[in-house]
Every structure is written in C-alpha cells, then in structure tokens.
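A short worksheet on the structure shown next.
Each ligand, and each atom within it, is numbered from 1 in the order the structure gives. FYI, side chains are in, hydrogens and waters are out, and symmetry mates aren't considered; it's all heavy atoms of this structure.
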Amino acid sequence: MEKEFIDSIEAFVADSVKIPDQKVALVTSGGTCVPLEKHAVRYLENFSTGRRGALSVEQFLTRGYKVIFLYRDGSCFPYLTQMKNNQEKFLKNLIVGRNGRTTIDDHNFTKLIEEYKKHESSLLALKFMTLQEYLRKLRLVCLALQPLHKRAAVYLAAAVSDFYVPDDKLPLHKIQSSESLALTLERTPKMLGHVAQQWAFNAFVVSFKLETDENILISKCRLALSNYGHQVVVGNLLETRYNNVIIVTSSSVVNVNATSENIEIKLISQLYLMHEQFMTS
Ligand code: PAZ
C-alpha cells in the first residue's frame, strides 16, 4: 500500500523532471479528522469544503503545471465542484441515447468535462481522511518533489487540526454516553517548519492562515513567515474567504479581492508570477 503510494508519486515526478521547465504543484485541500476512539465512531473535524483547493488546482493546470492533489476524501474535486453545486441540474440534463450512451445537454457542464479530460493526465489525486494520514502523505509527497528543485510549488490549503489524541490514549471502543465527557487533546507538532526547512526545502512554499478575527490576521501571517522561513502566507477570514485574501511575503502585503469571478483566478495568477521570480532568484 505504502509502496504503491510512493511509486505512483515518484513516477509522476520522474515524468515531470524529464520535461524541460515543467512545474509541479502539490495542492493540499479539505479538512483533517481526528478519531476519538480506536474503533472510531466519533471524530474531531476541521472545517473546510475543499473548494479553495479544488478551484486552485484548475488554475494551476490552466497555467501549465502538473498537479498532485492531496485532498480529504469526499471534499470538493477539480471541475466537479461547479457541477456539485448544481447536481439536480446536472442530472436533469443527462440524455441517454438509443445506443445506451449518456451525454449531457448543457454547454457549461460539457465545457467542464472537456477541461477535465484535457488536463486529466497532468493530475495525480491522492486522498486522506485523518490527521495522521494527512501528515504521513504530505511528508512523502514533499520528499518525492525534491528532484524538481525550484520548479516545485507546495500550496497548503488544507485545514489541519491543531489538536489530536495520541494513539496510546485512545479508548478502544465507542465512548459510552452514561457520563459526561472530558477530552484532553494534545497539540499537533507544527509541520510547516519541516515542510519548509527539510521535506520541501528547495520548493516554493505557500501556506494558508485562516482566522475569524480580522485584527490578528496580518500579524499571524507575518509570524508564520518569520517562524518557518518559507515564501508566502495567504491569509483569509472564514466569512469572506471567497471574496478577499491577502498575500503576505517578507516584504509585502497584497490584497486580492473578487466579487463575480472565482478569487482563485487572481490568487493563482499572482502566485504564478511569484513562483517564476523565485525560480530565477
Ligand atoms: O476549503 P474551503 O474552500 O471551504 O476553505 C478554504 C480554507 C479556509 C480552508 C483555506 O483557505 C485555508 O485558509 N486553509 C488553511 C486553514 C488553516 O489555517 O488551518
């Protein structure tokens, strides 16, 4: 299982290394879950629909990147996201022909399917569920990206739990409801330092910072940059995350706003330029 996983990433990266100037982005997306029992019935969830990650993948692919998409099982998927929001319409527009083949009578859906088909071979999709699985897979993908040097971008949009219950403290069976429940959670070791300084030390690393209090957003982004020494932090507030983000680097803070179009179009076009600069620096 582990070997198959590593082989698939290494093959994808090896193919990319051979293509002159080919860039590869690792996009993480969706929320982790933390089991509260070994035979788990209950979980601690981090909120994230995966929309940011899925739409960002589409933008990276459009700009010629190959993409490794590490996403929470069941969360948004590139090209499907826009269909998922219109599932009823999608089903109503399906036509089964006399030959038994299904087609779709809607220009927008057809376009999305065509886009997916066009980029399918440039996309490697890998799933995670739990925090532990996410961290294990994140490390393996980052290590596999090393041969690409500066041509690799690591874009960490997943919402990762800051707390967990260590394996040896997990009850084996379902926690009974006969008493009230007091949970002791431990702090998840900060992984961003490992990503930026070791696993993907030569890549262009973009992390995300989600807050609900706008007064602390910029300072938290700056703190992350100074703690981990990577290239960019994208800051966003829960309520406005699809209309405003800030791109924070050691020398600048850029506001990105969008109302009618997906904000990921503007965000990725800015990051694209920054990655280009990073590669020539
Ligand atoms: O997945 P989504 O589209 O619902 O939301 C995106 C997001 C808020 C999870 C992402 O932009 C983000 O900030 N990720 C990092 C979250 C964190 O600070 O852990």
Side-chain angles (χ1 to χ4, degrees), residues 25-34 43-60 67 69-85 125 127-135 137-138 153-164 185 187-196 205-228 230-248 253-258 261-268 270-271:
L26 162 63
V27 175
T28 72
S29 180
T32 61
C33 71
V34 168
Y43 297 87
L44 185 72
E45 286 283 349
N46 258 59
F47 171 77
S48 165
T49 63
R51 182 187 154 97
R52 168 88 77 229
L55 295 182
S56 301
V57 169
E58 294 176 22
Q59 293 308 311
F60 277 117
V67 178
F69 182 47
L70 180 58
Y71 74 108
R72 166 68 187 267
D73 196 4
S75 67
C76 293
F77 197 85
Y79 306 105
L80 265 181
T81 308
Q82 296 172 60
M83 293 189 202
K84 243 177 147 180
N85 294 337
K127 293 175 189 168
F128 68 85
M129 274 275 291
T130 64
L131 171 71
Q132 284 86 347
E133 193 184 354
Y134 171 77
L135 295 176
K137 291 185 170 174
L138 174 66
V154 175
Y155 180 89
L156 302 166
V160 182
S161 180
D162 288 325
F163 306 101
Y164 77 113
L185 301 168
R187 284 181 59 195
T188 307
K190 295 285 178 201
M191 287 298 146
L192 188 49
H194 292 293
V195 173
V205 177
V206 179
S207 71
F208 276 74
K209 178 61 69 189
L210 174 68
E211 292 297 341
T212 53
D213 176 358
E214 71 177 312
N215 296 317
I216 62 169
L217 185 61
I218 292 190
S219 60
K220 292 295 288 271
C221 292
R222 288 200 168 117
L223 188 67
L225 278 181
S226 71
N227 281 345
Y228 306 115
H230 57 303
Q231 285 68 46
V232 182
V233 179
V234 178
N236 55 172
L237 296 168
L238 185 63
E239 301 299 329
T240 57
R241 67 191 188 284
Y242 297 135
N243 302 113
N244 312 97
V245 298
I246 50 172
I247 302 178
V248 183
V253 177
V254 176
N255 279 288
V256 178
N257 304 308
E261 58 176 9
N262 291 333
I263 196 163
E264 288 74 18
I265 299 174
K266 286 187 177 171
L267 173 60
I268 304 301
Q270 293 273 346
L271 293 175

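Of all atoms in ligand 1, listed by their number and element, those nearer than 4.0 Å to a heavy atom of Arg51 are 1 (O), 3 (O). Residue Tyr242 approaches ligand 1 through these ligand atoms, each under 4.0 Å from one of its heavy atoms: 2 (P), 3 (O), 4 (O).
No side-chain donor-acceptor contact under 3.5 Å links Ser161 to the backbone of Thr32.
Residue, atom and distance of the protein heavy atom nearest to atom 11 (O) of ligand 1 are Asn236 OD1, 2.7 Å. Among all protein heavy atoms, the one lying closest to atom 6 (C) of ligand 1 is Arg52 CB, 3.7 Å.
Ligand 1 lies less than 4.0 angstrom from a heavy atom belonging to Ala158.
Remark: the Tyr155 side chain and the Ser56 side chain contain an N/O donor-acceptor pair separated by less than 3.5 Å.
Results of the side chain to side chain contact (heavy atoms under 4.5 Å, CB included) test with Leu131 over Val160, Asn46, Leu44 single out Val160 as the only residue that passes.
Note: Phe208 CZ to Arg241 CZ = 11.5 Å, rounded to the nearest 0.5 Å. Atom NZ of Lys220 and atom CG of Asp213 lie 9.5 Å apart (nearest 0.5 Å).
Relative to atom 8 (C) of ligand 1, the option among Glu211, Lys209, Arg241 with the closest non-hydrogen atom is Arg241. Counting only non-hydrogen atoms, the option in Ser207, Ser48, Ala54 that gets closest to atom 1 (O) of ligand 1 is Ser48.
Within a 6.0 Å radius of CD in Glu261, more than 12 heavy atoms belonging to other residues, nucleotides or ligands are found.
A cation-pi geometry, defined here as NZ or CZ lying under 6.0 Å from the six-membered ring centre and within 45° of its normal, holds between Arg51 and Tyr242.
Between Gly50 and ligand 1, at least one N/O pair is under 3.5 Å apart. The N/O atoms of Ala157, backbone and side chain alike, include one that comes under 3.5 Å of an N/O atom in ligand 1.
Residue contacts with ligand 1, taken as heavy atom pairs separated by less than 4.0 Å, involve Leu210 via backbone and side-chain atoms alike.
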